[in-house]
Amino acid sequence: FNAEGIEPADMFLNARNKAVEAVDKFMEGREEPMYCGFANVKIRPARGKFVSFLKKQEIGDNAYNGGWRISYYDIMPMSHQYRSTQSMDIKEVACDAFAKVLEEQFGLNVISESRAD
């Protein structure tokens, strides 16, 4: 865990900003992909300062098979133009970027998951 002394809110906002940045870059000059689905990230184990913060803020829920699940809809800000998208591609881009930040910068065990609708 590389996040000693870093506020969990800052970790979340940093990861969220990277997710937004990744989606905006992915969508430059293209139309919304129409393949529908869902995406989320899973943090395992579901404990520690960061997960405690998420639980207090009511961000995410218990993941199937253990861990803490954060949905694409919890990651993307309400004001973002693709917040309500059904596109699995957009959701995967956001969740992959979010997970990468938490894993690489803060040392959490995070995976990105998706499934078609």
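Values below: all heavy atoms of this structure, side chains included; hydrogens, waters and symmetry mates excluded.
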As an exercise, state the distance from CZ of Phe38 to NZ of Lys91, rounded to the nearest 0.5 Å. 6.0 Å
Close side-chain approach of Ile70 and Ile59, heavy atoms under 4.5 Å: yes
Checking side chain to side chain contact (heavy atoms under 4.5 Å, CB included) against Leu102, which of Asn109, Val110, Asn14 comes through? Val110
Where Gly67 and Ala46 come nearest, the two heavy atoms and their spacing: C-CB, 3.5 Å
Flag side-chain contact, heavy atom, 4.5 Å: Leu54 against Lys49: no
Are any of the side-chain heavy atoms of Tyr72 and Ile90 separated by less than 4.5 Å? yes
Would you tabulate the side-chain donor-acceptor contacts of residues 15-23 under 3.5 Å, counting partners in other chains and residues two or more places apart, or write 'none'?
from  : atom 1 : to    : atom 2 : distance (Å)
Arg16 : NE     : Ile75 : O      : 2.6
Arg16 : NH2    : Asp74 : O      : 3.3
Arg16 : NH2    : Ile75 : O      : 3.4
Asn17 : ND2    : Leu13 : O      : 3.2

Please table the atom pairs, donor to acceptor, closer than 3.5 Å between any side-chain atom in residues 78-86 and protein atoms at least two apart or in another chain.
from  : atom 1 : to    : atom 2 : distance (Å)
His80 : ND1    : Tyr82 : N      : 3.0
His80 : NE2    : Asp24 : OD1    : 2.7
Arg83 : NE     : Tyr73 : O      : 3.1
Arg83 : NE     : Met76 : O      : 3.0
Arg83 : NH2    : Tyr73 : O      : 2.9
Thr85 : OG1    : Glu32 : OE2    : 2.3
Thr85 : OG1    : Ser87 : N      : 3.0

How many angstroms lie between CZ in Phe53 and CG in Asp10, if you round to the nearest 0.5 Å? 8.5 Å
From CA spacing to verdict: side-chain hydrogen bond (donor to acceptor under 3.5 Å, both in side chains), Asp96, Ser112: CA-CA 6 Å; Asp96 289 348; Ser112 180; 2.7 Å; yes
Can you hop from Val41 to Phe50 via hydrophobic side chains spaced under 4.5 Å? yes
Tell me if the centroids of the rings in Phe106 and Phe12 come within less than 6.0 Å of each other. no
Say you draw a straight line from CG of Asn40 to CD of Glu113; how long is it, rounded to the nearest 0.5 Å? 5.0 Å
Reported CD-to-CD1 distance for the pair Gln105 and Ile6, which is rounded to 0.5 angstrom: 8.0 Å
Can you find a pair of side-chain heavy atoms, one from Ile111 and one from Lys42, that are under 4.5 Å apart? yes
How long is the gap from CD on Glu92 to OH on Tyr35, to the nearest 0.5 Å? 9.0 Å
Taking the six-membered ring of Trp68 as reference, does the cationic atom of Lys55 (NZ for Lys, CZ for Arg) lie under 6.0 Å from its centre and within 45° of its axis? yes
Any donor-acceptor N/O pair, Arg44 side chain to Ala63 backbone, under 3.5 Å: no
Could you walk me through whether Leu108 and Met11 pass the side-chain contact (heavy atoms from CB on, under 4.5 Å) check? CA-CA 11 Å; Leu108 297 176; Met11 293 168 61; 4.0 Å; yes
For Ala116 and Met88, which heavy atoms make the closest approach, and how far apart are they? N-SD, 3.6 Å
